[in-house]
Every structure is written in C-alpha cells, then in structure tokens.
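Heads up: the structure comes next, in structure tokens.
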Protein chains: 4
Amino acid sequence: MKSTSINPRKSPKQARARVTFDAILEAATRILQDDGLRKFNTNRVAEVAGVSVGTLYQYFPTKEAILTEIIRQKRKLMLDALKEATQDMARERFEETLDKLLRAAVAHQLRWPKLARTLEYAEAFLPLEHETDALKVAIVETAAAFLAHHQHDTPVQTARDLVGALRGLIESAGLSGETDPAAMLIRARKLSLGYLR
Amino acid sequence: MKSTSINPRKSPKQARARVTFDAILEAATRILQDDGLRKFNTNRVAEVAGVSVGTLYQYFPTKEAILTEIIRQKRKLMLDALKEATQDMARERFEETLDKLLRAAVAHQLRWPKLARTLEYAEAFLPLEHETDALKVAIVETAAAFLAHHQHDTPVQTARDLVGALRGLIESAGLSGETDPAAMLIRARKLSLGYLR
Amino acid sequence: MKSTSINPRKSPKQARARVTFDAILEAATRILQDDGLRKFNTNRVAEVAGVSVGTLYQYFPTKEAILTEIIRQKRKLMLDALKEATQDMARERFEETLDKLLRAAVAHQLRWPKLARTLEYAEAFLPLEHETDALKVAIVETAAAFLAHHQHDTPVQTARDLVGALRGLIESAGLSGETDPAAMLIRARKLSLGYLR
Amino acid sequence: MKSTSINPRKSPKQARARVTFDAILEAATRILQDDGLRKFNTNRVAEVAGVSVGTLYQYFPTKEAILTEIIRQKRKLMLDALKEATQDMARERFEETLDKLLRAAVAHQLRWPKLARTLEYAEAFLPLEHETDALKVAIVETAAAFLAHHQHDTPVQTARDLVGALRGLIESAGLSGETDPAAMLIRARKLSLGYLR
DNA sequence: CATGAATGAGGGTTCATTCAT
DNA sequence: AATGAATGAACCCTCATTCAT
C-alpha cells in the first residue's frame, strides 16, 4: 500500500495493532458525531482512543487520513448494502427491490445524521482519492443500474437526483430528532415513487 | 441590540460604517464560497475586505458573529422570497404558487452551492441564536402554511421533508456542475408534486 | 517582495517593527553561535528575542526563512567588504589589494567561527534561493575579477580554490581558539601568495 | 569497554552480530551522505539497515553513538593512511612523502564531500569523546611530525593550518562537482608547497 | 537476541483576539 | 475610529527510546 499522505500507514496485522487501529477510528467517529470537525483533532482522538499521539501517527500519516478511512469504510458499507439490495432485481418486482434499497439508505443515514453530514462536508475538502471517489460513483451507478433495468430513460441523472433528495430528506428528519426507520421508510418510498412516476 | 458574543457589535448607521460592514461580509462570503470553513479566518477576511483586523473587530465581536450574520441575511432573503411567492396563494391555483416557491428555492441554492452547503454545515455548530433559528422555523412554516391552505393533513412534517429533499436535490445537482435553473425547476416540480400526491 | 516560504513576511517599516525584526535575527544569531542548529528552534528564538512566537511568525514564515535572512545579511556584508577592497585595484599594487581582501575575509570569519561554520552547513540544506545563491557566486566572482585583472589564467577556479582554502584555514584556527586577526592575516597572505605563485 | 552513552554497546564478536553492526553503520552513512543530519534518525537508519529499531538499540545506546562510531572509523582510516604515507619519510625526499600524504587526504575527502562535511559539522556538537578526539589530534600530529622531520619551525600550527586549508580546498571542489583526484592532487600540492615555502 | 508497537516530550505553525498608538 | 503589531493557547506531527512478546 502506497504511503501517500492519505492512506493508512500500515495495515494492522498483529492482533494488538488491529485493536489499536480500530480504537482510533472508533474514537474519531465518536468525536465527529458528537462535536463535528471543530473538535476533531489528533490529540483528542488519541486521548479518546486511549493511546498516545505517537501511536496514532504510526497508523495514520495525517489527520485527513483518519477522516478518509472513516469515509471509505462507511461508503463501502453503504455500497455493499446497495449491491446486496439489488442482487435479485432481475427476479423481483420493481417495488420490492426499491424497498430494499431504501431500507439500506435509511438505515445508513438515520442513525447518525450528524456524523453523516459531517463526513459529507469533510469530503469536499479532502484531496480527491481514488478509492473513495470510486465508491461514491459506484453508489450512484448501482442505483442507476437498477433504474436502467426497469426501463428508465435517464438513469444516471435520476439516480443522482434521488440519492441527493433522499439524503436531504433523511438528514433533515434525523437532525429534527426523528429516529424511527419505519416511518422514514414510508416517506422515502413516497418521495422515490413520486419522483419516478 | 444586545452585544452578546454573536450579534454584530453595532448596527452601522453612517454611510462609511455601512460600507465597511458590508465589505467584511462580502469578503467573508467569498472566502466561504471559494475555500470553505477551513480558510475562513478573521485575518484573511480583514485582508480581503481591505480593512484591518482591528476594524473588523469593531463590527463583529467574534468570528462566529460574521458567520451568523451571513446566515441571517441569506435566510432572510430566502424567507422574503418565499413570502412573496405565497402572498397571492389565496387567489392562485396550487401549481402556480408552488412554481413560484420552487423558483425562489432554486434561485437561492443553485447559484452558490458550495456556499450554501458550508453555511448549512456551519450553522449546526453555532450557538443557537434566536433570530436565525426563528428564520429557519419561519421558512418551514411559510411552506407549511401554503400546504395547509391546500388541505394538506400534516403540513409541517411534509414541509420539512420537502425543504430537506429539495435542498438535497439542488445541492447535489449544483455540486455536480449543473447551473441551469430551468432544468432544475422541472425536476424540483416533479419531486414536489410526486411527494405531495 | 514575494511571500515564498523563505523570504521575510514583511519588510518592517515602522520603528517598532524594525526593532522586533532585528531582535529576532539577533537572537537567532546568538543561538546559532552558541549551540548550533541543534537548539535553533522558533520557540527559543522568540524567547531569547523577548517576543512571542506569534510575533516571530509575523516576520518570518518559517524557521528556514530566519536562517536564510541571516545568511543573506552576512553574505552581503562580506560581498560589500570585498567590493570595497577591490574598488581601487586598478591603481594599486597586487599585494596591496590582496591584503585588503584578506583583511576582510579574516575579519568576517575569525570573529564567530562557530557561527560561520553553522551557516555554511545549514545553507547546504536550504532550498536554493536566488539572492543568496547569487551572493555566493558574486563573492567568488569578485575574487576572480581581481585575479583576472592581474593576468591570472584560470581566475574562477583559482578564486574558488582560494576562497575554500582560506575558509578552511581561518575556520580551523578560529575553532582552535585563535582570535588574533593580525597573526591570521600573515598566514592567510602566505597561503594565498604561495598558491598564486 | 564501558557502556557510556556514546560508545557502542557491545563489540560484535559473532559473525551475525558483526553483519548487523556493519549494516547499521552503512545505512547511517548512506543517510548522512544523501540527506545530512536532517533526516538522520534511528527509525530510518534501522529501516534502511533492514533491522528493527530494537535491534539497533542492542548495538548502540544512543543515536549519537552511531555518529560517533562512523566518525571514529573514518578518522581511523585516515590516520592509518597518513601513517602509512609517512612510514618511509626518513628514506624519502620531502616531496615524495608529501605526495603520499596529499593523495591520502584527497582520496578521503573528495569521494564523499557531503558526508565529510556532515561528519565534520556533527562532531562539533558531540560530547567530547576521548578516542575520537585523540584521533583528531593524532592526525595533526602525524602531519606535524613529518614537517618537524624536515626542519620546520612551528610544525603543529603549520600542520593544523594545512589540514584546515586542504580540507577547505577539497571540500569546496568536491561540492562544486569535481571528482577527479589527479586534478585535485595537483592543486593540493601547489597549495601545500606554496604555504610551506 | 530480535521485533515493532507504544510512548510523550519537543518543536513548527496558525489564528482569534487585544491594545497601544 | 482605525491600525496592525503583539500575544499565546491550540494543534499538527516527529522521533529517540523503551519494553512486552
């Protein structure tokens, strides 16, 4: 793995290292959730993770690398969920697959709306990084493939529109204090079907 | 006006003061647009505005006060536009008023998507401030009043949902490089009518 | 003046600023003399100069910029002295001008041998900087011009050789504790005339 | 051998240990040559040497100990070369022995001018260490003994002067990119004979 | 003996804010 | 009022050294 300024410094192989690596990411995630970028600094991350700054820098060459790794992991989770949701789309009714997709999206955005928003914002100021960027594209493309499969004319633009609108919907609900995925799903479905009609 | 740590220090009454005040806000806005919060600092704002830091602090007690004032102004602009859009709603068809509303929303979000996004993010970490918060509520309420007027059941939640979804839609299009308000309006209308059906 | 990472940040115009600027350079010089690069750090320089780090960074964008400025000043002093020494070379006997040159060289190297050596070493790891580099070249060329004036065949190489050898001579004497310029001058003359024969 | 903070921790007796010891010194030397003191750190030395930091610290108690050992070895090499050059001075003409001495000096300084300069500089800030210091004195004394043998009045000072001047000459030529020992030898001879006349 | 994860003091730099002029 | 020099807490990151395995 290249040691650019944005990739993790070492893939943790020993058990101890793996634990430390994860502790750092978890601490960082918690800080981003609770306080946003403002208080996201390496000293605090290390402290919350229960390690020294030096240790943190053994694993991540810069503060941005931590952010990037969190984004990468979250995006990957989302992409995998979407792929799983669409894997049987050939055999399923449109609404059936759509529901799976929306369920995945709601699950990923509603639980930690502040984190999701912070990561979204942070990403804009990170140096473009292949894998992360590719993941972003892949997410839209997975949705677009689904739309195309069901005869949609402009699948890519529509997919991007819907991904954006759904993010806005779920985010605003989440930040208003809503936490019920079932209620959210209903409105997400309404928004999607309404837009796709 | 009280001089809390978040309100402007003085309402500029003399012409010269007004000019300085505006120059500072304009400089701050440009920096937020171009570089985001990362490079938004008082020294730079003063420099770009062509005044000294000392002068900047004559008008704004803290850095956050500048941010707050920008948000306040932008929100006020938006609110006024929405109010104007709905002022004849009693005499107009539903679609007619909706179009005016969407036109206003698109106009306000599409031109400076990066700025809009940055302000949105910044606001979340600003101390809650009455007027600004009130403006936010008023925006949703204006939309809700319109929906209520047309017999909608749950106007407030629906208004919040739509405001959120539209923001997400326009923001994602804007950040993807779209700049045509007309094209955006068509999709915004589709999203709204679809959701409201 | 460009604001690269190696030039001073502002040319001090007000009296207070001039004083601060000089205090920083003087403190830096003293630290380099006494302890070398090892203990040359911005916190210490600021402390010795009696200013805050922040102030130091108002004048110098990086630690290296301080070093560069010291080198630039010392070289300029040396170059001016050499130019003055050679200004009447057309009217003077060879030995007369040579003596002036050597006097200048001894004066500049013998007083602070440790500083001279440290600057010499530091320079090798500084990003090449036009003016400083030009000064270095100019010094050799001034000597070469003098040699050429007196019918020397390979003035540039000889000048470089002599400058190097004289530096080595004076440095080693200085570091051995010698402080008498007169004694040094005699040997410097012997070395020069011997080599030029 | 005592285990002060500057001597190697153990004289490597087993073959494997010898290899490791040498690998560390070689790595350190390469780093000093290529990047100077700036990037000379124990982690990097260990990495380049292909051993772990822990292993490095089995052999050297401190970073300075590595530097000291390199200096000691280089000086010893130089001293041995000078001793060999002067061993037949009783039977040889003055110029003959001098040439051998200069040949040794040129050989030692011209090949790695950057390394030589770095070691020279580093030495000044190392805690005075008997053996190394003694080697330095021995070098000058070897030269002085040669001068004394040929009826020179002030052999020690003259030897020191010449050692310094020759170092300056060769160093400046080396750093200017010259690499030809033969050409260098001619000028070194000229400098020496000129000064000794 | 070797390994390499962990430590934390040290040092470079920024930037919100104050205050003498 | 306006200026801009000065301040110093805060934050990023490095590297010499230790020690459990």
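These figures come from a predicted structure and were not determined experimentally. Chain letters run A, B, ... following the sequence lines, proteins first, then strands; residues in each count from 1.
Residue C:Glu47 contributes atom CD, which lies 13 Å from atom P of F:dT7 at whole-angstrom precision. The nearest whole Å value for the distance from the CG atom in A:Leu56 to the C1' atom in F:dC11 is 13 Å. Residue D:Ile66 contributes atom CD1, which lies 9 Å from atom P of F:dT17 at whole-angstrom precision. Distance D:Leu37 CG to F:dA16 C1': 15 Å, rounded to the nearest Å. Whole-Å rounding puts the B:Phe60 CZ to E:dT17 P distance at 13 Å. Remark: C1' of E:dA6 and CZ of A:Arg18 are 18 Å apart, rounded to the nearest angstrom.
With sequence neighbours excluded, the residues that form a salt bridge (Lys or Arg N to Asp or Glu O under 4.0 Å) with D:Lys76 are D:Asp80. Residues satisfying the ring-ring contact (aromatic ring centres under 6.0 Å, His included) test with B:Tyr121, not counting sequence neighbours, are A:Tyr121, B:Phe125. Every side-chain hydrogen bond (donor to acceptor under 3.5 Å, both in side chains) that A:Gln58 has, sequence neighbours left out, goes to A:Lys10. With sequence neighbours excluded, the residues satisfying side-chain hydrogen bond (donor to acceptor under 3.5 Å, both in side chains) with D:Thr55 are D:Ser52. Here B:Thr29 pairs with B:Gln33, B:Ile70, B:Leu115 under the side chain to side chain contact (heavy atoms under 4.5 Å, CB included) rule; sequence neighbours left out. With sequence neighbours excluded, no residue forms a side-chain hydrogen bond (donor to acceptor under 3.5 Å, both in side chains) with D:Arg117. Residues forming a side chain to side chain contact (heavy atoms under 4.5 Å, CB included) with C:Ala116 (at least two apart in sequence, or on another chain): C:Gln109.
Sequence neighbours left out, the pairs with a member in residues 38-48 of chain B that pass salt bridge (charged side-chain N to carboxylate O under 4.0 Å, His left out) are A:Glu64-B:Arg38, B:Asp35-B:Arg44. Sorted by first then second residue, the salt bridge (charged side-chain N to carboxylate O under 4.0 Å, His left out) pairs that include residues 20-30 of chain D, not counting sequence neighbours, are D:Arg18-D:Asp22.
By the 30° and 60° cut-offs, the orientation of the rings of A:Phe21 relative to A:Tyr59 is perpendicular.
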Report all interatomic pairs (protein N or O, nucleotide N or O of nucleotides 13-15 of chain E) with separations under 3.5 Å.
| unit_1 | atom_1 | unit_2 | atom_2 | d |
| --- | --- | --- | --- | --- |
| E:dT13 | OP2 | C:Tyr57 | OH | 2.5 |
| E:dT13 | OP2 | C:Lys63 | N | 3.0 |
| E:dT13 | O5' | C:Tyr57 | OH | 3.3 |

Would A:Lys74 and A:Glu123 satisfy salt bridge (Lys or Arg N to Asp or Glu O under 4.0 Å), going step by step from the backbone distance to the final call?
CA-CA 12 Å; A:Lys74 294 284 180 219; A:Glu123 201 187 1; over 6 Å; no

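Residue D:Ser52 places none of its side-chain N or O atoms closer than 4.0 Å to OP1 or OP2 of E:dG4.
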Nucleotide-level pairing of DNA chain E, given in dot-bracket where Watson-Crick and G-U pairs need both distances under 3.5 Å and | marks other strands:
.||||||||||||||||||||

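Near DNA chain F, meaning a heavy atom under 4.0 Å away, there are no residues from residues 22-36 of chain A.
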